Amino acid sequence: MSSHWLSLEEALTKALDAAKAIADTEQVSTFDANNRVLAQDVIAHIDVPPWNNSAMDGYAINVEDLKDDCSPRLEVQGVITAGMKADEPLQKGKAFKIMTGAPMPANANAVVMVENTSSENGAVLINKVPRLQENIRKKANDIACGDTLISKGTRLHAEHLMLLSSQGSSTVEVFRKLRVGVVATGSELAAPGETREATQIFESNRVGVSSILQNENVELIDFGIVADDEASLRALFVEASERVDVMVSSGGVSVGDADYVKDIIAELGAIDFWKVAVKPGKPFALGQINNALFCGLPGNPVSSFVTAKLLVVPIIKKMQGESKVHEPFLVNASITTSLKRRAGRRDFQRATMVKNAQGGWDVTPFKTQSSGVMTSITSANCLMIVHENVSELKKGDTVQVMPLHF
Ligand code: AMP
Ligand code: MG
C-alpha cells in the first residue's frame with residue numbers, strides 16, 4: 001500500500017494498468033450500437049459506390065462529341081434516375097438525362113450539371129463544356145473492398161453506424177456491456193425519497209456517479225447505501241465481487257474511525273490506496289476482489305464528482321475495450337481575476353467560462369472553492385486547472401479549463 005502522493009498522471013497510469021479490457025462480445029443491431037465499443041475490425045466487402053455514378057442532376061455525355069463545336073446540341077437518348085440503369089450505351093452525338101446517384105451509362109465520360117444546359121424539344125444545349133470525368137463519382141472512390149473501415153476498440157457513433165449500413169450490415173460485434181456497481185457508504189446517509197433521521201443527510205453520490213457512468217453506456221447495478229459497519233460492508237463487497245466488473249463506492253476511504261472500505265477490500269482481495277495530488281479529491285482506493293475491480297472514491301460529493309470524471313471514466317473506457325482512452329477535453333482560457341494559493345496539488349477549481357470578444361474564452365473561478373460546497377458544481381460550467389507547482393496567477397494569464405457540458 002503506497003502512502004506517498006501521486007500526481008494525476010501517475011495515478012492514471014496505475015489505474016489504467018489495473019483496468020483490463022473485458023473479452024466477451026455480442027452481436028447487436030446497429031440501431032442499438034451507438035456508444036458501444038467495436039470488438040473486431042470492420043473490413044469492407046463491397047465497393048462504395050458500387051459503380052461510377054453521377055454527382056449531379058444533369059446530362060451524361062461524351063466530351064469527344066463536343067470537340068470543335070462552339071454551341072453543342074445533343075439529342076436526348078433517355079433518362080436515368082437513381083435506382084435504374086441505362087439498358088444501352090450512350091450513342092455518339094447524344095446525351096442521357098441523368099439524376100444524382102444514377103449509374104453512368106457506358107460510353108459517357110462526363111456529366112454537365114443541369115444549370116449549365118438548356119433543353120430544346122428533345123435535345124439539350126450544352127452551355128458550359130465539362131472537363132473529362134467531371135461530376136462523376138468513381139466506383140470504390142469512397143470505400144474499396146478489403147479496406148479496414150473501423151478498427152477494433154473504436155467507440156461507435158452515428159458516423160460509424162452509417163458506414164456499417166452502407167456495407168449492408170444491420171448488426172455489429174461489440175464488447176458486452178460493462179457491469180458497474182455503485183454504492184454509497186456512510187451511516188449518516190439517507191436515500192433521497194425516504195425519511196431521514198435527525199442525524200442523517202440525504203445521499204447524493206450514487207446518482208452523480210451513475211450519471212457520469214451512464215454516459216459511457218455501462219450496465220449499472222445500484223447497491224444502495226451501506227452503513228459504516230464492517231460486517232455489512234464485507235457482505236456487500238463479497239456479493240458485488242460476484243456480480244460486477246467494476247464496483248465504485250464513495251466514502252469511507254479516509255483515515256476516520258469509521259473508514260473501513262480500504263481495509264475490507266484488502267482483507268477480501270488486494271488494495272492499493274493512493275493520495276492523489278488533486279483538489280478536490282485526494283484519497284482514492286483501487287483494489288480487486290475476485291475478478292472485480294474496486295474504486296473507492298472520497299465521500300465528499302464534489303470530490304467524488306471530480307475523481308469519478310478524472311479516474312473512473314478512463315478506467316471504465318479501458319475495461320470496455322476502447323483502444324483510445326481519451327484525455328479530458330481541455331481548452332485554453334484567460335483568467336479574469338488574480339489568484340494566490342498553496343502550491344502542491346493540481347486544483348480543479350469550479351469556474352465559469354464565457355466567450356470573449358476575441359473569440360477565445362475567459363474563465364472566472366468561484367470565490368468559494370470548498371469541496372463541501374455542492375452548489376459550486378451546479379453553477380460551474382467548467383473546471384479550471386491550476387497546476388501543482390503554480391501558487392499565483394495574474395489576471396489575463398492563460399490557464400487550461402475542462403468544460404463540463406458542451
Ligand atoms: P467520508 O469520505 O466518508 O469521510 O465522507 C466525507 C464527507 O462527505 C462527509 O461529510 C460525509 O457525510 C459526506 N458524504 C459521504 N458520502 C456522501 C454521499 N453519498 N452523499 C453526500 N455526502 C456524502
Ligand atoms: Mg464516511
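Predicted model, so just to flag it, every value in this text is computed and none were measured. One-based numbering, in listed order, for ligands and for the atoms of each.
Of the possible polar contacts, none joining the K324 side chain to the G153 backbone as a donor-acceptor pair under 3.5 Å is found.
Each of K279, R346, R345 was evaluated against E388; a single residue qualifies, R346, per the side chain to side chain donor-acceptor pair (under 3.5 Å) test. A salt bridge (Lys or Arg N to Asp or Glu O under 4.0 Å) with D347 is found for one member of K282, R342, R341 and no other, namely R341.
Some N or O of G299 is nearer than 3.5 Å to an N or O of ligand 1, by distance alone.
Side chains of T100 and D57: a donor-acceptor N/O pair is present below 3.5 angstrom, by distance only. Between N356 and D362, the side chains place a donor N or O and an acceptor N or O closer than 3.5 Å (distance only, hydrogens not considered). A donor-acceptor pair shorter than 3.5 Å can be found between the side chains of N109 and N62.
Of the heavy atoms in V253, none comes closer than 4.0 Å to ligand 1. Counting heavy atoms under 4.0 Å from ligand 1, residue E188 touches it through the side chain alone. The proximity of A184 to ligand 1, defined as any non-hydrogen pair under 4.0 Å, is limited to the side chain.
Residue pairs meeting the side chain to side chain donor-acceptor pair (under 3.5 Å) criterion with at least one member in residues 188-198, sequence neighbours excluded, do not occur.
Nearest approach of I265 to F237, heavy atoms of both residues: CG1-CE2, 3.7 Å. Taking all atoms of both residues into account, the shortest heavy-atom contact from V114 to T117 is O-OG1, 2.7 Å.
Among protein heavy atoms, atom 20 (N) of ligand 1 sits closest to S204 N, 2.9 Å. Looking from atom 18 (C) of ligand 1 to the surrounding protein, the closest heavy atom is N205 ND2, 3.3 Å. Nearest protein heavy-atom contact of atom 19 (N) of ligand 1 is E203 OE2, 2.9 Å.
The distance from ligand 1 to the heavy atoms of I201 drops below 4.0 Å at these ligand atoms: 12 (O), 22 (N). For ligand 1, the atoms lying closer than 4.0 Å to a non-hydrogen atom of P301 are 21 (C), 22 (N). Applying the 4.0 Å criterion to heavy atoms of G251 picks out, from ligand 1, the atoms 2 (O), 3 (O).
Of the listed residues (N300, I225, T185, V261), the one carrying the non-hydrogen atom nearest atom 6 (C) of ligand 1 is N300. Nearest-heavy-atom check against atom 1 (P) of ligand 1 across G252, G296, S304 picks out G252.
Within 4.0 Å of atom 10 (O) of ligand 1, not a single protein heavy atom is present.
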